[in-house]
Amino acid sequence: DGCTSLKEIVWNAKNCSNSAGEDQHYLVFDGVATQIQTFTFGNQVEVIPYGLCANMTNLVSVTIPESVKKISGGVIENCYRISSIAYNAKNASNMTEDGQFYLIFNGANSNVKTFTIGENVETLPSYLCCDMSQLTSITIPENVREILGGVFEGCSKLSNVYWNAKKASNDAGDGYF
């Protein structure tokens, strides 16, 4: 509260949690979220806490760095202007402590038109692009080795998949779509 001219955030916290207890999380930027236009994750970030960018209604793009190992749910929840996501996390997990999966980008998926998977990504976590109904094409880079279930579930306009992965497996047993 009081940071009325804040427009950009550079997040360098390597391993941060915003948990307020079991199944409860703080909205870190509540009160200033609607004015944030740019959110940059530093190259050392390993954990992206639950709902970190939630309610940033003027945010248009997000880049997830290669260093990220754990992504909690609702990262861009209610960020309805986001149209582009660059996903570079080499081997990130979105699994909860009880074996469920967080929907990483839920709440803004219907506006995402561009989802870029970085060349060094090896694992696509479950439900990564779930419900990105405006996504029409995706390229699976050569280094992807593991694609977990439901990665493209609900991507109703996805019509072009460019498959460059040489050793990808679907260990989850669920379909990609």
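Values in this document were obtained by computation on a predicted structure and should not be read as measured data.
- In the hydrophobic cluster analysis, where Ile, Leu, Val, Met, Phe, Trp and Tyr join through side-chain heavy atoms closer than 4.5 angstrom, L59 is grouped together with L6.
- Atom CE in M132 sits 10.0 Å away from atom OG in S110 (nearest 0.5 Å).
- Under the 4.5 Å side-chain heavy-atom criterion for Ile, Leu, Val, Met, Phe, Trp and Tyr, V161 and F115 are members of the same hydrophobic cluster.
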Item to check | Candidate pair L128 and Y87, rule side chain to side chain contact (heavy atoms under 4.5 Å, CB included), full reasoning | outcome: CA-CA 10 Å; L128 181 64; Y87 183 83; 3.7 Å; yes

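- Minimum interatomic distance between A168 and I147 (heavy atoms only, all atoms of both residues): CB-CD1, 4.1 Å.
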Checklist entry - Hey, mind stepping through I64 and F41 against side chain to side chain contact (heavy atoms under 4.5 Å, CB included) and telling me if it holds? => result CA-CA 7 Å; I64 307 296; F41 289 99; 4.0 Å; yes

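- Residue K113 qualifies as open at atom NZ: its count of foreign heavy atoms under 6.0 Å is 12 or below.
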Item to check | Criterion side chain to side chain contact (heavy atoms under 4.5 Å, CB included) on E122 and E146, from CA distance to verdict | outcome: CA-CA 6 Å; E122 293 180 359; E146 183 175 37; over 6 Å; no

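- With N12 contributing its side chain and Q44 its backbone, the two residues share no donor-acceptor pair below 3.5 Å.
- Checked by atom type and distance alone, the side chain of N120 never pairs as donor or acceptor with a backbone atom of K90 at under 3.5 Å.
- Defined by atom type and a distance below 3.5 Å, a donor-acceptor pair is missing between the side-chain atoms of E46 and N15.
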Next on the checklist: Assess the residue pair N111 and R81 against the criterion (side-chain hydrogen bond (donor to acceptor under 3.5 Å, both in side chains)); give the C-alpha distance rounded to whole Å, side-chain angles, the decisive distance to 0.1 Å, and a yes or no.
Outcome noted: CA-CA 7 Å; N111 292 321; R81 290 191 183 182; over 6 Å; no

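- In this structure, OG1 in T57 is found 10.5 Å from CD1 in I82, a value given to the nearest 0.5 Å.
- Nearest heavy-atom pair, A92 versus P125, reported as atom, atom and distance to 0.1 Å: O-CG, 3.7 Å.
- Using a 3.5 Å distance cut-off with no hydrogens or angles, the side chains of T123 and N91 do pair a donor with an acceptor.
- Transitive grouping of hydrophobic side chains (ILVMFWY, heavy atoms separated by less than 4.5 Å) brings V144 and W163 into a common cluster.
- Contact record, C16 with P49: O-CG, 3.5 Å, taken as the closest heavy-atom pair.
- Between C155 and L135 the shortest heavy-atom distance is SG-CD2, 4.5 Å.
- From L158, atom CG reaches atom OG of S133 across 11.5 Å, with rounding to the nearest 0.5 Å.
- Counted within 6.0 Å of CD on Q37, heavy atoms from surrounding residues, nucleotides or ligands total more than 12; the atom is thus considered enclosed.
- When each of T63, I76, T116, T114 is checked for a side-chain contact (heavy atoms from CB on, under 4.5 Å) with I85, only I76 meets the rule.
- The two residues A33 and A54 have their closest heavy-atom pair at CB-O, 3.7 Å.
- Using cut-offs of 30° and 60° on the angle between ring planes, the pair F29 and W11 is perpendicular.
- Here the SG-CD1 distance, from C53 to I9, works out to 7.5 Å after rounding to the nearest 0.5 Å.
- A donor-acceptor pair under 3.5 Å links the side-chain atoms of S67 to the main chain of N43, judged by distance alone.
- In the hydrophobic clustering of ILVMFWY residues, with side-chain heavy atoms under 4.5 Å counting as a link, M95 and V47 come out apart.
- Atom CG of residue N94 and atom OH of residue Y102 lie 9.5 Å apart, to the nearest 0.5 angstrom.
- Atom CD1 of residue I117 and atom CD1 of residue I138 lie 4.0 Å apart, to the nearest 0.5 angstrom.
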Checklist entry - Please walk me through it: do L124 and I140 pass side chain to side chain contact (heavy atoms under 4.5 Å, CB included)? => result CA-CA 9 Å; L124 299 181; I140 310 296; 4.1 Å; yes

